[in-house]
**Q** 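Sharing a structure here in structure tokens format.
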Amino acid sequence: MSSTRRNLLKTGLAAAFSGSGQMITLSPEPLDLETPVEWLIGEITPTERFFVRCHTLTPHVELTNWKLEVAGTALTMDQLRRFPRADLISVLECAGNGRSFFRPGMPGAQWRFGAVGNARWTGVRLRDVLERVGVRSSAAHVLFEGADMPMGKMPDFQRSLPLEKAMHPDTLLAWEMNGKPLTAEHGFPLRVVAPGWAGDSWIKWLTRIELLDHEHEGFWMKTAYRHPAKHMEPGAVVSTDALVPVTDLNVKSVIAAPGPWAKPGIVTVQGVAWSNASPVRKVEISADGGRTWNAARLPGSPTKYGFRRFAWQWRAVEGKHTLISRATNDAGEMQPMEPEWNPSGYLYNAAQPRAVVIGTTAPKMIPAAPREVAAPAGYRESCLTCHDEHMMRQQRLTRAQWDREITKMTGWGAQVSDDRRGALLDFLATRFGQ
Ligand SMILES: Nc1nc2c(c(=O)[nH]1)N[C@H]1C(S)=C(S)[C@@H](COP(=O)(O)O)O[C@H]1N2
Ligand SMILES: [Mo]
């Protein structure tokens, strides 16, 4: 090995262990950024380390001509600021967090651990705003729309909340995240904060709120963000109307430290745990692959919806070990050892084994060789007009799954001629296959 190569590997390892890494780019456009697992260690996630999930290009919104339309009434930001101020700490987790761990795999952003963060959100109660404009007695759902524009013929990102969740005193319209105005990526100037519920309900760049008598009929309610209400066999096929919308998060925890390697001695196993409206009560750690469990300390003070830090002192001896953390909430729900498989890969919360090597010297890491295959004619025009190759590089799909993806994408406006479809499929299944 050349000395520059050796130095590169060393710095790579050092970066992974010291937490001086970078956000992981799943897709630059639309922007999807994942937080490296070693940063999931403090109670509050700094905004610049907070994951980003966008279905569309980030819209540029100017406050001067921005208004929020609520059931036909237009409100300026100044008018909103005159409502009583509301403030809370809450986890925001993408429903797809952990999708890459499901077997068999499925299409979608291949998140690992870090599509989750915890922030302080400041704004007003949605309930106060709705009561001011008046909630008609037939209203059952509240629809939200943001300023982002769909790509191609992809349906506009609109979702509704049941009235009960919308009127809950902890559901906010927030303009601040961690004490600063929302950044463009996180929804400037205003977003929904739906504590305890998955990120797809936290609509960004809000422009319009509507009262509905039924759940919103759009694609993002009736097709996407649905999962089975009861257990299903991994890999089974079901129709979307047999599924129910994703709502509450699951109880979950991640180990942020140690990294893949540590020296023998006392090693602090630490990270964060979170849940839904039922706070984390207990976190246990296993250092022997799940045979024995040890209660972790829960430093800091609990918040209803926020991260709960955990720490456990492990007497680590040389060898290869498997660490697992397992959280339980006040309702008695505990992370399962096996994930609940579902067709779109939502709400992964299995207690995740993490391999750790304990030794006096760092193990060598061998980078994987990329699978190089030449792209067929038309690939660029068909696939890379709306998104970048990052999106596909993450997928691990079979030929049949890529076939369904092409059908979905052509429905959203991608141009794939019949005579080129076969070659495109061969390429996708080889280059971005299982
Ligand atoms: N208008 C709009 N709101 C949106 C989205 C979007 O694409 N458009 N993505 C949603 C999803 S799926 C998630 S997980 C969260 C992510 O919020 P963040 O980017 O601030 O972390 O925003 C939600 N709000
Ligand atoms: Mo999400």
Side-chain angles (χ1 to χ4, degrees), residues 23-35 39-40 44-61 66 68 90-100 108-112 114-121 123 143-151 154-161 171-178 180-209 216 218-221 223-227 245-250 274 344-348 386-387 391:
M23 293 296 282
I24 303 159
T25 305
L26 266 58
S27 164
E29 274 194 332
L31 189 63
D32 290 327
L33 298 177
E34 173 166 343
T35 306
W39 284 349
L40 295 174
I44 293 289
T45 313
T47 304
E48 60 286 359
R49 294 186 166 194
F50 208 98
F51 86 97
V52 176
R53 171 62 172 134
C54 301
H55 291 274
T56 60
L57 302 184
T58 307
H60 176 81
V61 183
W66 177 88
L68 178 68
S90 177
V91 163
L92 162 55
E93 182 183 22
C94 179
N97 194 24
R99 178 179 289 127
S100 65
Q110 298 299 306
W111 304 106
R112 289 166 54 77
V116 63
N118 185 39
R120 176 179 287 278
W121 308 96
L143 173 71
F144 302 92
E145 186 178 342
D148 49 339
M149 301 292 273
M151 317 184 46
M154 182 193 265
D156 200 3
F157 193 78
Q158 299 180 344
R159 287 185 44 85
S160 62
L161 280 178
T171 301
L172 310 183
L173 300 178
W175 54 76
E176 266 181 27
M177 176 179 183
N178 291 334
K180 298 259 172 59
L182 288 171
T183 61
E185 293 78 30
H186 293 294
F188 180 85
L190 194 71
R191 79 177 304 166
V192 175
V193 169
W197 282 34
D200 43 281
S201 289
W202 296 51
I203 307 298
K204 304 194 270 192
W205 313 295
L206 263 187
T207 53
R208 194 168 70 94
I209 299 178
H216 176 54
F219 173 85
W220 301 102
M221 292 304 293
T223 304
Y225 295 114
R226 294 173 81 88
H227 67 154
V246 162
T247 58
D248 295 85
L249 293 174
N250 281 328
W274 65 96
S344 300
Y346 294 133
L347 302 176
Y348 185 96
C386 289
H387 57 78
M391 205 58 219

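Atoms considered below: every heavy atom in the structure, side chains included; atoms not considered: hydrogens, waters and symmetry mates. Every number for a ligand or one of its atoms is a count from 1 in the order of the listing.
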**Q** Checking the side chain of T207 only, and the main-chain atoms of E145 only, is there a donor and an acceptor separated by less than 3.5 Å?
**A** yes
**Q** Hey, would you say the Y346 and H227 ring centroids sit under 6.0 Å apart?
**A**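 Centroid distance Y346-H227: not below 6.0 Å, so no.
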**Q** Can you establish whether the number of heavy atoms outside E29 located under 6.0 Å from its atom CD is more than 12?
**A** no
**Q** How would you list, by chain and number, every residue that makes a side chain to side chain donor-acceptor pair (under 3.5 Å) with W121, sequence neighbours excluded?
**A** none
**Q** For T47, what residues pass the side chain to side chain donor-acceptor pair (under 3.5 Å) criterion, not counting sequence neighbours?
**A**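 For T47 the side chain to side chain donor-acceptor pair (under 3.5 Å) partners, ignoring immediate neighbours, are N178.
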**Q** Quick one: ligand 1 N/O to protein N/O pairs below 3.5 Å?
**A**
| unit_1 | atom_1 | unit_2 | atom_2 | d |
| --- | --- | --- | --- | --- |
| ligand 1 | 1 (N) | D148 | OD1 | 3.0 |
| ligand 1 | 1 (N) | D148 | OD2 | 3.2 |
| ligand 1 | 1 (N) | K204 | O | 3.2 |
| ligand 1 | 3 (N) | K204 | N | 2.9 |
| ligand 1 | 7 (O) | H55 | N | 2.8 |
| ligand 1 | 8 (N) | D148 | OD2 | 2.7 |
| ligand 1 | 9 (N) | R53 | O | 3.3 |
| ligand 1 | 17 (O) | R191 | NH2 | 3.0 |
| ligand 1 | 19 (O) | R53 | N | 2.9 |
| ligand 1 | 19 (O) | K204 | NZ | 2.5 |
| ligand 1 | 20 (O) | H186 | ND1 | 2.6 |
| ligand 1 | 20 (O) | R191 | NH1 | 2.7 |
| ligand 1 | 21 (O) | F51 | O | 2.8 |
| ligand 1 | 22 (O) | R191 | NH2 | 3.4 |
| ligand 1 | 24 (N) | W202 | O | 3.1 |

**Q** Could you tabulate the donor-acceptor pairs under 3.5 Å formed by side-chain atoms of residues 186-198, not counting sequence neighbours?
**A**
| unit_1 | atom_1 | unit_2 | atom_2 | d |
| --- | --- | --- | --- | --- |
| R191 | NH1 | H186 | O | 3.1 |
| R191 | NH2 | W202 | O | 3.0 |

